[in-house]
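Have a look at this one.
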Amino acid sequence: ALGRGTLGKVQLLRRERDWSYALSAEERSNGYADIAFEPAQVRTLSVRQFSASARIASAQWLNLLGLRTRDTTGTFDTATLGWSMSLPRSITLSANLTRFGGTTAPAVTVFSLALSMPFGERDYAVASVEKRSDASRPDALLQWSRNLLESDSIGYRLIGGDQSGQHRIEASVVARTGFGEFAAEA
């Protein structure tokens, strides 16, 4: 019966100064359902994940990720090869090549390139370009953000560019006060 089942997890993790890896597996019986489960919701049945990271130069890292998820609709695979480089003034340049596939959807390859740049202690900008094998045009976005402080502060996020063949403009602001957090988005 749905709602009466088991969940098992196992994880192996090793972190060293110049390299790390992690392996994890999760298995759920057919009857297992999370407490927040709603009828007709897709249920995850198993997750297998592998990740590894290694320093390849003084300020460069190579990253690998493999992920297989099986749910009530099918199996989905993700494989990513990533590279990142730290530049002066805490600027980071990163590139990723990702392959998505599964039993219910055609495989898609995505190449992304991002440049992240801090401006002071709370502000940062990210410029990114992404090209998908199933899209004729690349996505290009610019984001500017200000992080919140622990209390009594205002943060915001502005995003603009082209995504999925459409122009995208988004703005949000969050005010944190002693009475709570208040947000607005457009």
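FYI, the numbering just counts along the sequence from 1.
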Hey, does R4 have a side-chain heavy atom less than 4.5 Å from the side chain of S29? no

Same cluster for F111 and W61 if Ile/Leu/Val/Met/Phe/Trp/Tyr side chains link at under 4.5 Å? no

Using a 4.5 Å cut-off on heavy atoms from C-beta on, say whether the side chain of E170 contacts that of Q143.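 No - every pair of side-chain heavy atoms lies 4.5 Å or more apart.
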
Should D139 and D162 count as side-chain neighbours, where that means a heavy-atom distance under 4.5 Å?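 No, side chains not in contact.
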
If you draw a 6.0 Å radius around CD1 in I154, do more than 12 non-hydrogen atoms from other residues or ligands fall strictly inside?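 Check fails, neighbour count at 12 or below.
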
Euclidean distance, I169 CD1 relative to Q163 CD, rounded to 0.5 Å: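 If I round to the nearest 0.5 Å, the distance is 12.5 Å.
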
Mind listing the closest non-hydrogen atom pair of I56 and W83 along with its distance?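 Closest heavy-atom pair between I56 and W83: CD1-CD1, 3.9 Å.
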
Using every non-hydrogen atom in the two residues, find where G82 and L62 come nearest and quote the distance to one decimal.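 G82 and L62 have their closest heavy atoms at O-CD1, 3.3 Å.
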
Going from CG on L141 to CD on E130, what distance comes out if it is rounded to the nearest 0.5 angstrom?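 The CD atom of E130 is 8.5 Å from CG of L141, to the nearest 0.5 Å.
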
Quick one: do the N63 and S53 side chains pair a donor with an acceptor below 3.5 Å?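 Side chains of N63 and S53: pair found under 3.5 Å.
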
Is a donor on one side and an acceptor on the other found under 3.5 Å between the side chain of Q41 and the backbone of E38?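 Indeed, once roles are kept as given, a pair shorter than 3.5 Å links the two residues.
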
Can you list the steps and then say if K131 with V110 is a side-chain contact (heavy atoms from CB on, under 4.5 Å)? CA-CA 6 Å; K131 177 62 176 113; V110 179; over 6 Å; no

Could you please spell out the steps behind the side-chain contact (heavy atoms from CB on, under 4.5 Å) verdict for L87 and M85? CA-CA 6 Å; L87 300 169; M85 182 167 95; 3.1 Å; yes

side-chain contact (heavy atoms from CB on, under 4.5 Å) between L23 and Q11: does it pass, once the steps are laid out? CA-CA 6 Å; L23 300 161; Q11 183 178 29; over 6 Å; no

Assigning hydrophobic clusters by single linkage (Ile, Leu, Val, Met, Phe, Trp, Tyr; side-chain heavy-atom cutoff under 4.5 Å), is L97 placed with L115?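 Same cluster.
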
On a heavy-atom basis, which atom in L65 and which in S51 lie closest, and how many Å separate them?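 Of all heavy-atom pairs spanning L65 and S51, the closest is CD1-CB, 4.2 Å.
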
To the nearest 0.5 Å, tell me how far R15 CZ sits from L13 CG. 5.0 Å

Give the C-alpha distance, both sets of side-chain angles, the deciding distance and a yes or no for side-chain contact (heavy atoms from CB on, under 4.5 Å) between R28 and T6. CA-CA 6 Å; R28 299 172 182 196; T6 58; over 6 Å; no

Going by atom types only, do R99 and T109 share a side-chain donor-acceptor pair under 3.5 Å?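 Yes, a side-chain donor-acceptor pair sits under 3.5 Å.
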
Can you name the nearest heavy-atom pair linking S116 to V126, along with the distance?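 So the two residues come closest at OG-CG2, 3.8 Å.
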
Write out all pairs satisfying salt bridge (Lys or Arg N to Asp or Glu O under 4.0 Å) with one or both partners inside residues 43-56, taking only residues at least two apart or from two chains.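 Residue pairs with at least one partner in residues 43-56: D18-R55, E27-R48.
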
Kindly determine whether Y124 and W144 satisfy ring pair (Phe, Tyr, Trp, His ring centres under 6.0 Å), including the steps that lead there. CA-CA 6 Å; Y124 69 94; W144 185 281; 8.5 Å; no

For the CG atom of D77 and the CG atom of L67, what is their distance to the nearest 0.5 Å?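 Answer rounded to 0.5 Å: 8.0 Å.
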
Any side-chain donor paired with an acceptor under 3.5 Å for T73 and D71? yes

Can you confirm whether more than 12 heavy atoms, excluding those of L12, are under 6.0 Å from its CG atom? yes

Under the ring pair (Phe, Tyr, Trp, His ring centres under 6.0 Å) rule, collect the residues that match up with F76, sequence neighbours excluded.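 Result, ring pair (Phe, Tyr, Trp, His ring centres under 6.0 Å) vs F76: none returned.
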
For S84 and S94, does a side-chain donor sit closer than 3.5 Å to a side-chain acceptor?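 Judged by distance alone, the side chains do not pair up.
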
Taking S128 for the side chain and L113 for the main chain, is one N or O donor matched with an acceptor at less than 3.5 Å? no

Between side-chain atoms of residues 175-186 and protein atoms elsewhere (two or more places apart, or another chain), which donor-acceptor pairs fall under 3.5 Å?
{"residue": "R176", "atom": "NE", "partner": "E181", "partner atom": "OE2", "Å": "2.7"}
{"residue": "R176", "atom": "NH1", "partner": "L149", "partner atom": "O", "Å": "2.7"}
{"residue": "R176", "atom": "NH2", "partner": "E181", "partner atom": "OE2", "Å": "2.6"}
{"residue": "T177", "atom": "OG1", "partner": "F179", "partner atom": "N", "Å": "3.0"}
{"residue": "T177", "atom": "OG1", "partner": "G180", "partner atom": "N", "Å": "3.3"}
{"residue": "T177", "atom": "OG1", "partner": "G180", "partner atom": "O", "Å": "3.1"}

Shortest non-hydrogen separation from L148 to V174 and the atoms involved: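 Minimum heavy-atom contact is CD2-O, 3.5 Å.
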
Within the structure provided, determine whether Y156 and N147 are in side-chain contact (heavy-atom separation under 4.5 Å). no

Could you give the distance from CZ (R168) to CG (L142), rounded to the nearest 0.5 Å?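 One finds 12.0 Å between CZ of R168 and CG of L142.
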
Please round to the nearest 0.5 Å and tell me the distance separating atom CG of D34 and atom CG of L7.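 Result: 7.5 Å between the selected atoms.
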
